[in-house]
Amino acid sequence: MEMFNNRRTIRKYASKEVSEDLVRTLLEKAERTPTMGNLQLYSVVITREAEKKAQLAPAHFNQPMVPGAPVVLTFCADFRRTTLWAENRKAMPGYDNFLSFLNAATDALLYCQTFCNLAEEEGLGTCFLGTTIYNPQSIIKTLGLPRLVMPVATITLGWPDENPPLTDRLPIDSIIHNETYNDYTPARIDTFYTPKEQLEENKHFVEINHKETLAQVFTDLRYTKEANEAISEVLLKTLKEQGFM
């Protein structure tokens with residue numbers, strides 16, 4: 001519990017190597033993660049070579065932790081292995097559909113989170129890159145991912161070379177709903193979001209972006225409707241190309 005109370009996203013890493021044995025042990029321990037039908041619908045591509053990390057970096061908007069981390073791990077929704085197993089055992093697989101992608105993506109993300117927990121318990125630092133599903137085609141090409149394999153998460157991994165402050169979180173009452181969903185009234189929104197908006201760093205964030213509210217920074221600059229729709233089109237196209245639609 002103490003580890004969770006103090007966990008931080010780490011973007012700067014020491015030059016110290018992360019051994020192959022340690023990464024393998026953590027990945028093996030993470031296999032105890034819950035999985036749909038005990039099929040383990042995930043694979044992970046481990047990237048250590050500087051050239052390959054440089055090839056991955058543009059897909060992640062050239063964030064410096066990609067080439068700067070000793071290890072980059074790409075977690076994939078993988079129904080290919082199960083499909084080939086079925087085909088080689090006189091069975092007829094039917095996993096080239098969107099439901100199967102969702103099942104495999106859920107498996108992969110759960111596995112990824114367990115791995116992160118175990119790695120951080122060992123003293124390693126991690127950074128979760130949500131950009132993986134923004135530019136999947138580039139990652140698929142770089143990593144040579146075949147049909148029925150789709151990248152869904154990327155983790156940079158290394159020994160921390162920074163100790164950033166804890167980031168804020170919404171109060172627990174903002175996410176709990178007892179028995180049925182309790183919708184958010186304007187009063188509840190005020191209760192849950194005003195403390196976040198009053199943080200000095202967030203007020204500064206609003207100021208330097210020349211906006212009136214923190215919400216406008218997210219809707220107008222960081223995660224715009226136009227960008228979301230464009231990325232959605234690419235994502236759906238890629239899922240079709242990878243055989244999930």
Side-chain angles (χ1 to χ4, degrees), residues 1-10 26 29-42 75-77 79 95 97-122 125-134 150-155 164-206 209 211-225 227-229 231-232 235-236 239 244:
M1 294 294 289
E2 191 63 25
M3 184 270 289
F4 280 108
N5 289 336
N6 293 289
R7 81 152 302 278
R8 294 160 167 79
T9 293
I10 301 297
L26 294 172
K29 288 182 177 180
E31 283 193 294
R32 302 313 304 173
T33 301
T35 170
M36 199 275 290
N38 197 28
L39 290 174
Q40 295 180 247
L41 304 171
Y42 48 76
F75 291 79
C76 302
F79 241 120
Y95 308 125
N97 46 65
F98 188 59
L99 174 63
S100 296
F101 167 71
L102 288 179
N103 284 329
T106 300
D107 264 23
L109 291 170
L110 287 170
Y111 180 65
C112 175
Q113 182 60 69
T114 300
F115 172 83
C116 288
N117 294 345
L118 292 168
E120 290 166 1
E121 186 67 26
E122 285 288 327
T126 68
C127 181
F128 179 93
L129 303 182
T131 44
T132 305
I133 58 172
Y134 285 18
M150 181 75 176
V152 293
T154 300
I155 297 297
L166 291 173
T167 51
D168 66 281
R169 292 291 189 264
L170 292 171
I172 189 62
D173 286 339
S174 69
I175 66 169
I176 291 177
H177 303 263
N178 291 312
E179 310 302 340
T180 59
Y181 193 94
N182 184 17
D183 209 357
Y184 298 95
T185 63
R188 295 187 76 214
I189 292 293
D190 287 344
T191 297
F192 298 144
Y193 282 91
T194 296
K196 183 187 202 67
E197 294 164 338
Q198 292 303 310
L199 292 172
E200 287 301 320
E201 58 265 34
N202 284 337
K203 289 196 288 186
H204 180 63
F205 196 34
V206 173
N209 284 288
K211 292 297 177 181
E212 183 181 355
T213 70
L214 182 63
Q216 288 174 349
V217 177
F218 286 87
T219 61
D220 299 355
L221 299 176
R222 297 195 68 185
Y223 307 108
T224 68
K225 176 180 173 64
N228 288 339
E229 290 177 346
I231 292 169
S232 293
L235 185 57
L236 292 172
L239 285 173
F244 282 113

| field | Shortest non-hydrogen contact between L110 and P34, atoms and distance | value | CD1-O, 3.9 Å
| task | Please report the closest heavy-atom contact between N228 and Y223, naming both atoms and the distance. | result | ND2-O, 3.6 Å
| task | Would you check if P195 and L170 make a side-chain contact, meaning some heavy-atom pair closer than 4.5 Å? | result | no
| request: Test F192 against D173 for side-chain contact (heavy atoms from CB on, under 4.5 Å), laying out the working first. | output: CA-CA 8 Å; F192 298 144; D173 286 339; 4.1 Å; yes
| field | Closest heavy-atom pair and its distance - P151, I133 | value | O-CG2, 4.0 Å
| request: Check L118 against A30 and note the closest heavy-atom contact, atom names and distance. | output: CD1-N, 3.6 Å
| said: Test side-chain contact (heavy atoms from CB on, under 4.5 Å) on V152 and F101; report intermediate values, then the result. | reply: CA-CA 10 Å; V152 293; F101 167 71; 4.0 Å; yes
| query | In Å and rounded to the nearest 0.5 Å, what is the OG1 to CZ distance from T224 to R222? | reply | 12.0 Å
| message | Could you tell me if the side chain of R8 sits less than 4.5 Å from the side chain of L166, heavy atoms only? | response | yes
| How far does CG of N209 sit from CG of L214, to the nearest 0.5 angstrom? | 9.5 Å
| query | Do the rings of Y111 and F75 sit parallel, tilted or perpendicular, given the 30° and 60° boundaries? | reply | perpendicular
| field | Side-chain donor or acceptor of D168 paired with backbone N/O of K196 under 3.5 Å | value | no
| Within-4.5 Å side-chain heavy-atom neighbours: M150 and L239 | yes
| Just by distance, do the side chain of T132 and the backbone of T154 share a donor-acceptor pair under 3.5 Å? | yes
| said: Would you say CD of E201 has more than 12 non-hydrogen atoms from neighbouring residues, nucleotides or ligands within 6.0 angstrom? | reply: yes
| Polar side-chain atom of N6 near backbone of E2 as donor-acceptor pair, under 3.5 Å | yes
| Taking C-beta and beyond as the side chain, do D107 and N103 meet within less than 4.5 Å on heavy atoms? | no
| query | How many angstroms lie between OG in S232 and NZ in K225, if you round to the nearest 0.5 Å? | reply | 10.0 Å
| query | Between CD of E120 and OG1 of T126, what distance do you get to the nearest 0.5 Å? | reply | 3.5 Å
| task | Decide whether N117 and E121 meet the rule of one side-chain donor and one side-chain acceptor closer than 3.5 Å. | result | no
| field | Separation of F115 CZ from L26 CG (nearest 0.5 Å) | value | 5.0 Å
| task | Return yes if a side-chain donor-acceptor contact under 3.5 Å exists between T213 and E197, otherwise no. | result | no
| query | What distance separates R188 CZ from Y193 OH, expressed to the nearest 0.5 Å? | reply | 11.0 Å
| task | Please examine the side chains of Y42 and E31, heavy atoms only from C-beta on, and report whether any two atoms are closer than 4.5 Å. | result | yes
| field | Where V206 and K211 come nearest, the two heavy atoms and their spacing | value | CG1-O, 3.0 Å
| field | Which atom of C112 lies closest to which atom of I155, heavy atoms considered | value | SG-CG1, 3.6 Å
| query | Relative to each other, are the rings of Y181 and H177 parallel, tilted or perpendicular (30° and 60° limits)? | reply | parallel
